[in-house]
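Worth knowing before you read on, the calculation uses all heavy atoms, side chains too, and leaves out hydrogens, waters and symmetry mates. Here is how names work: the chains are called A, B, and so on, in the same order as the sequence lines, proteins then strands, and each is numbered from 1.
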Amino acid sequence: MDFERLLCSTGPHEGQILRPSDKKHPHKVAWIHCVGSRQVTPGGNSYCSSVCCSYTQKQVILAKDHLPDMHAKIFHNDIRSYGKDFERFYQRAQKLPDVHFIRSYVSVGSEDPVTGDVSIRYTTPDGVVEEFFELVVLSVGLVPPKDAPRFSKVFGIELNHHGFCKVDPFNPLQTSRPGIFTSGAFQGPMDIPESVMGASGAAVQASFLLKSRRGQLSEDRVYPAEKDVSEEEPKVGVFVCRCGANIGRVVDVPGIAEYAKGLPNVVHVEESLFACATNTAKAISDTIRDKGLNRVVVAACTPRTHEPLFRDTLREAGVNQYFFDMANIREHCTWVHSKEQEAATQKAKDIVRMSVARAGKLEPLDEFSLPVDKTALVVGGGIAGMTSAHTLAEQGFETYLIEKASDLGGMASRLHYTLEGMDVQVFLKELKKKVYRHPKIHAITDAAVTGVDGYVGNFTTTVKVKNRVRTIKHGAAIIATGAVEYRPTEYLYGENDKVMTLLEMEGRLAKQEEKLLAADSVVMIQCVGCRNEDRNYCSRVCCSGAMKNALKMKSLKPEVDIYVLFRDIRTYGFREDYYREASNQNVKFIRYEPQDKPLVEAREEGGRSFIRVTAADPILGRNLELDVDAVVLAAAVIPSPGSSEMARMFKVPLGPDGFFQEAHAKLRPVDFAAEGVFLCGTAQYPKHLSETLTQAYGAAGRALTLLSRDTVVASGAVCDVSNDACISCGACVSVCTYGAISFEETPRGRKARVNAVLCKGDGLCVAKCPTAAISLSHYTDGEVFGQIDAALETV
Amino acid sequence: MAAPSDFKPIIVGFLCNWCCYGGADLCGVSRFQYPPYLRVIRLMCSGRVDLEFIFRAFAKKADGVFIGGCHLGDCHYNPEGNYDALGNSFVAKRILENVGVDPDRLRLEWVSAGEGIRFAEVMNEFGAKIKNLGPLGSSEGREVADLQAGLEAATQLVPYFKLVERERFRVPKRTEEGYREFFAREDYEPLFKELVLDKLTMGRIMGALRAGEDSAGAIAQKLGVDPAEVARHLNLLSQQGMVRIDGSQVQLALAA
């Protein structure tokens, strides 16, 4: 945290990394992982703090940006890059020049009295090394809030033995006291996306209790009356955001501001540290009013996330919100040209110039309201989909639940117990019953979505059920199509019946299958089919899955020998306790390197058929031969086969690994950029049952905020036809498959007319119109020409 | 020819909001680096990109034009405007070639909002390509003013191109294969030449005459068009009474 402050442009040295003791730029920096977490000492924090591995990697990447000649060593135990895209993030940190990840315990030696450097002793394959570093950063773990015990007393909620909030394993947002919910790291160490999902999920559960009073406290926001500026010359205000160091460190912000002052129509220019901060946005509103601005350009980040916020700023100032343009100088400039500061500054000036040119041509537009169909559609009848559907139905909304199989359940029907020992089948049976019996849930099995039409608030989805086609109208949709287990092609899977996947092992253990229990020795191989070139991600659940099944097997047959061959053990959070438990029960953990995978061969010796697993032990430095009776593969969790088809129909994206891509990895983990469509469960990324439940509540919560409204606002950026220029050729009518354009008889003959409610503003018709009779507001030819000309003005 | 190393190309990019713009954003979020040549204009759909946008950008001396849309089949909009962007790019490239602009300076790519890395790859690759071609006109070996005159003639004809496209060149199958097949069809080529390129060449000849050229040879040289082609068009134009030919001298009929 101290180091994070140093990196921050609002920090003590305005983003310069200076050593606290003598304010020198450090060039040799060490990070030490797992400080205060994963402790084995009595009374220590035994759990894993979940976030520090990626946190450290972020700091290394940022520090390297600040100090390009920095040498860094990161001393770590297991690297736990279990989150979505974290594996790639780890690789990025690893690939930086002069950055070395070293798997070693360390001891911090002494401080050199002259230089102030600190020595660290660590082990290498060649023995113990002592090295001096100018700065040492400790990846200190997370602990429960100081006043947790007081909180627990005041609210009458229990804490768990780690001192965090105790939750119901089958509803991780529910505290021990009904009516009190929790979200975020009070449940235990967690990252931003899980916290955001939980927050939304806790809100929806609280809102269920309050549903009879819904909307009673809501107040409509009142905006000042809109100023008519049609007679005014454009008066453009330009606000250049530094975004902390994100923009300010790469480009010359004062230079850009100075440049903007000289652009046509610009009457006011200002710099800000964070334009999106509430107080800054308020100040922008005031400035608009005080300076009489009628056009605003904010040079900052992407309009895809921040345009709504600044449009609101304009409304607060009594200016039509369409008089706004964002110059994206972060995502499209400073973040992608961070090494070319001069060229990036020039480009940022060009981007601002284009925006100012566009702003001068913008026109005021009115938005209009469309009714919301208060029905939800949930695709996927696993735990995620059922939980979402049930939550929405309980709140009084008709919900259609579409499942392709003949019964609900999904992947959970193959799960039998959780790491914490809960019975999944009992839970599942209960949930299925609640869903099937709920009068507001229409569960449709053996069904496939074949088409999706419409838009937020008003979708029409066609579903094929056996040989019948049904049409369902709904206002919101939740995609919960899950994931599947990878079918290994390696390690004799499918060739030898002694080789099985983790899920298969779980099934056999649940049945107490004799053949498996007859095994005297078992090898479990982790990371099968992922963390490789084909699937560059971690399947997140398998390490804990291995612990779960190893412990289960041990409980059924204590004398069995279990060997787990792993790359990094990723039992994050409280799951770490089970790793320790497995280790205490004499489960052997042997690490392997990806380039030196275990070898598996079926053998027959002395009348015994067994499997010989050969693994290189990096600690002992030699090959181990394990002759065992069963081999269990932690097969990857992979995207469900119909994902790309589903993504296409709902017009939402998939990420590089084939999982659905949420609108924002951290801040909008259950939304899609396309409005009205939400996401939960393993369709987004592999996750544990408890995490799936949290996200399912979260997605329901997001859908609920939409469905509880009577109307949605539709953009004013729609098409319009000039009757004078229309030659009624029909080019526009024929391309508009929304049916938004039709011919209308006028005194001057047949003319095309746009139904603004149906128009979605793609502007295809405009590109087809030979006489430029049809135009798309906010993206007119004139506005685009202005941008083209401005882009090339300096050429 | 090799471009000077200090050449900093300007590429005008038309990015659809839903996919490619999102991909460019994700590219930024992921800090993938690419050269600072692109100037982005955000549109809601790649199908909104008018032929005129492309010609205007080149006429204003853009070194490259980039159009980025959703993958085919993934368009955010029901009318699937990215197919029209594909069709337009085929047509635009032929017209650019006709007026002397290297068609490789126009690039259409599909990048989804999840493909930050792909956006960087495309930008690195296209950026290097344009850098290598050098400033507009240099790889073509043509005066920029001549290219601009050609682009102006093309711009004048955009309404006509749109009508012809609608009447004669509607692609029957909305698949990538369908588009590629259509534009590779045997009967497409002569028809496109007759209906589009010949009209364009005639427009350019008239433009050259207006600018004061006076012989068929000079016109051919100026426009970079085969002299025989110029002669054929002049003949047609003279039959229509648009020009007067007097030996090797050519005049606009109206100017006489």
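Interface remark: B:Arg31 contributes backbone and side-chain atoms alike to the contact with chain A (heavy atom separation under 4.5 Å). In this structure, no portion of A:Asp85 lies under 4.5 Å from any heavy atom of chain B. Using a 4.5 Å cut-off between heavy atoms, B:Arg118 does not touch chain A at all. Neither the backbone nor the side chain of B:Val158 comes within contact range of chain A; no heavy atom of the residue lies under 4.5 Å from a heavy atom of that chain. Only the side chain of A:Pro653 comes within less than 4.5 Å of a heavy atom in chain B; its backbone stays farther off. The contact between A:Ser338 and chain B is made by backbone and side chain atoms together, counting heavy-atom distances below 4.5 Å. In this structure, the portions of B:Tyr21 lying under 4.5 Å from any heavy atom of chain A include both its backbone and its side chain. Of the atoms belonging to A:Arg330, not a single heavy atom falls under 4.5 Å from chain B.
Within the 4.5 Å cutoff, side-chain heavy atoms of B:Arg56 are placed close to those of A:Asp789. Counting heavy atoms from C-beta on, the side chains of B:Phe58 and A:Leu792 never come closer than 4.5 Å.
Using non-hydrogen atoms only and a strict 4.5 Å limit, the part of residues 73-100 of chain B facing chain A consists of B:Gly73, B:Asp74, B:Cys75, B:His76, B:Tyr77, B:Asn78, B:Pro79, B:Gly81, B:Asp84.
Side-chain N or O atoms of A:Glu331 include none that pairs as donor or acceptor with a backbone N or O of B:Ala24 at under 3.5 Å. Panel note: side chain B:Arg48, backbone A:Val766; no donor-acceptor pair is recorded below 3.5 Å. In this structure, A:Arg92 contributes its side chain and B:Ser30 its backbone to a donor-acceptor pair below 3.5 Å. A side-chain donor-acceptor contact under 3.5 Å links A:Lys347 to the backbone of B:Leu38. Proximity of a side-chain donor or acceptor of B:Gln33 to a complementary backbone N or O of A:Trp335 within less than 3.5 Å is detected.
Ring-plane geometry between A:His332 and B:Phe119 is classed as parallel, the angle between the planes falling under 30 degrees on a 0 to 90 degree scale with a further cut at 60.
For B:Glu52, there are no salt bridge (charged side-chain N to carboxylate O under 4.0 Å, His left out) partners, not counting sequence neighbours.
Between B:Lys8 and A:Glu342, no side-chain nitrogen of the basic residue sits less than 4.0 Å from a carboxylate oxygen of the acidic one, so the salt-bridge criterion is not met.
For the options B:Lys162, B:Met44, B:Glu167, heavy-atom pairs under 4.5 Å to chain A are most numerous at B:Lys162.
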